[in-house]
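What follows is one structure encoded as structure tokens, with my remarks underneath.
Sequence positions, counted from 1, serve as the residue numbers for this chain.
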Amino acid sequence: MARALRPVIAGNWKMHGTLASARALAAAVRAGAEAAETRAEVVVCPPHPHLSAVAEVLSGGPVALGAQDCHALPAGAHTGDVSAAMLADCGCRHVILGHSERRAEHHETDGIVRGKALAALEAGLTPILCVGETAAERAAGLAEEVVVVQLAGSLPERFCADGGILAYEPVWAIGSGRTPTEAEIAAMHAAIRRALEARFGEAGKATRILYGGSVKPGNAAAILRLPEVNGALVGGASLEAEAFLAILRAAP
Ligand code: 13P
């Protein structure tokens, strides 16, 4: 059944670009996605200050807008933060949560990520929730255990029923040009699927599980056809329209 799930190709622009470059990249991705014969769902996630401008460029087209983080609370005295409702108001449909860069740099725990995921769902946003092991954890043979614990702690009860999306991003594969072997990716995605089905039943079968970490035009087709891989979360290669669109065209 999982093979029939509609793939998601999402670009995480991280902390890059200017208003002008964000508009230009969004316009190129929109034009390319319109031309591509793809059934994949396409999402781009610019930095917060560029969201409204990119929303205008994407309006009425096939590319959805996402953000890279939100606060767990709907409003309040939280200097520098943004709420899920604010993102929805800017035209976002998705929000990346629990990215390893936020877990590491902002000390986000599974509990914090869970609160943010709940807030996103309450605001009508689709979370793209990230999990993944470090190099040391993989070397110690703990990769699956670490990811299963992250899933248990980060996913609110309604996550799968409400259409939440998962992203498996091994920390050591992000921005490094290194990826797990195809067998390692397939094994981890199978483990995630088992955990989702055990906890969420039918809804767990319908949840998209993306792979992220050094996805490039050259390896995208091989990764995207692996069992239980339902799309990709792309960092560096999403900053170049041609590279991102080549990955999109590789989606089954
Ligand atoms: P890279 O594609 O640059 O490795 O980044 C992956 C990532 O962190 C996407 O969220």
Aromatic plane relationship, Y168 with H189 - under 30° parallel, 30 to 60° tilted, over 60° perpendicular |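 Taking Y168 first and then H189, their aromatic rings stand perpendicular (interplane angle over 60°).
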Check: [Y] and [X] side chains under 4.5 Å, non-hydrogen atoms:
X	Y	answer
C92	L125	yes
F244	L25	no
I247	P217	yes
F159	L196	no
K116	V95	no
F200	E157	yes
L5	I209	no
W172	T134	no

For [X], run the side-chain contact (heavy atoms from CB on, under 4.5 Å) check against [options] and tell me which one passes.
X	options	answer
V131	E169, R103, M188	R103
L58	V63, V42, V29	V63
V82	L87, D69, L51	L87

To the nearest 0.5 angstrom, please state how far the [atom1] atom of [X] sits from the [atom2] atom of [Y].
X	Y	atom1	atom2	result
N230	E41	CG	CD	11.5 Å
E108	S100	CD	OG	10.5 Å
R194	E228	CZ	CD	9.5 Å
E133	E145	CD	CD	12.0 Å
S59	L65	OG	CG	10.5 Å
C160	K205	SG	NZ	12.5 Å

Cluster question for you: counting only ILVMFWY and a side-chain heavy-atom cut-off of under 4.5 Å, with indirect links fine, are [X] and [Y] together?
X	Y	value
V113	L151	yes
L239	I9	yes
L97	M86	yes
V171	I192	no
L248	L224	yes

Minimum heavy-atom separation for [X] to [Y], with atom names?
X	Y	answer
A117	L129	CB-CD1, 3.9 Å
A55	C90	CB-O, 3.3 Å
A187	E144	O-OE2, 3.8 Å
G212	P170	O-CD, 3.3 Å
A84	A120	CB-CA, 3.8 Å
P49	L19	O-CD2, 4.3 Å

Could you walk me through whether Q68 and H99 pass the side chain to side chain donor-acceptor pair (under 3.5 Å) check?
-> CA-CA 8 Å; Q68 300 174 20; H99 192 282; over 6 Å; no
Give the C-alpha distance, both sets of side-chain angles, the deciding distance and a yes or no for side chain to side chain contact (heavy atoms under 4.5 Å, CB included) between K14 and I174.
-> CA-CA 12 Å; K14 304 194 180 181; I174 294 173; 3.4 Å; yes
Worked check of side chain to side chain contact (heavy atoms under 4.5 Å, CB included) between E101 and M15 = CA-CA 11 Å; E101 287 150 16; M15 196 171 71; over 6 Å; no
Within 6.0 Å of CZ in R199, more than 12 heavy atoms from elsewhere = yes
Under 6.0 Å from the CD atom of E34, do we count more than 12 heavy atoms belonging to anything else shown?
->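 Atom CD in E34 is packed in, count exceeds 12.
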Linking Ile, Leu, Val, Met, Phe, Trp and Tyr through side-chain heavy atoms less than 4.5 Å apart, which residues share a cluster with V43?
-> V8, I96, I128, I165, L210, L233
[Y] backbone acceptor or donor facing [X] side chain under 3.5 Å:
X	Y	value
N219	S214	yes
S21	G17	no
E184	T181	yes
R6	R39	yes
R30	V57	yes
R193	T207	yes

Decide yes or no on side chain to side chain donor-acceptor pair (under 3.5 Å) for R208 and T126, but give the supporting numbers first.
-> CA-CA 11 Å; R208 272 85 59 86; T126 299; over 6 Å; no
Qualifying residues under side-chain hydrogen bond (donor to acceptor under 3.5 Å, both in side chains), relative to E122, sequence neighbours excluded |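 E122 satisfies side-chain hydrogen bond (donor to acceptor under 3.5 Å, both in side chains) with R158 once adjacent residues are dropped.
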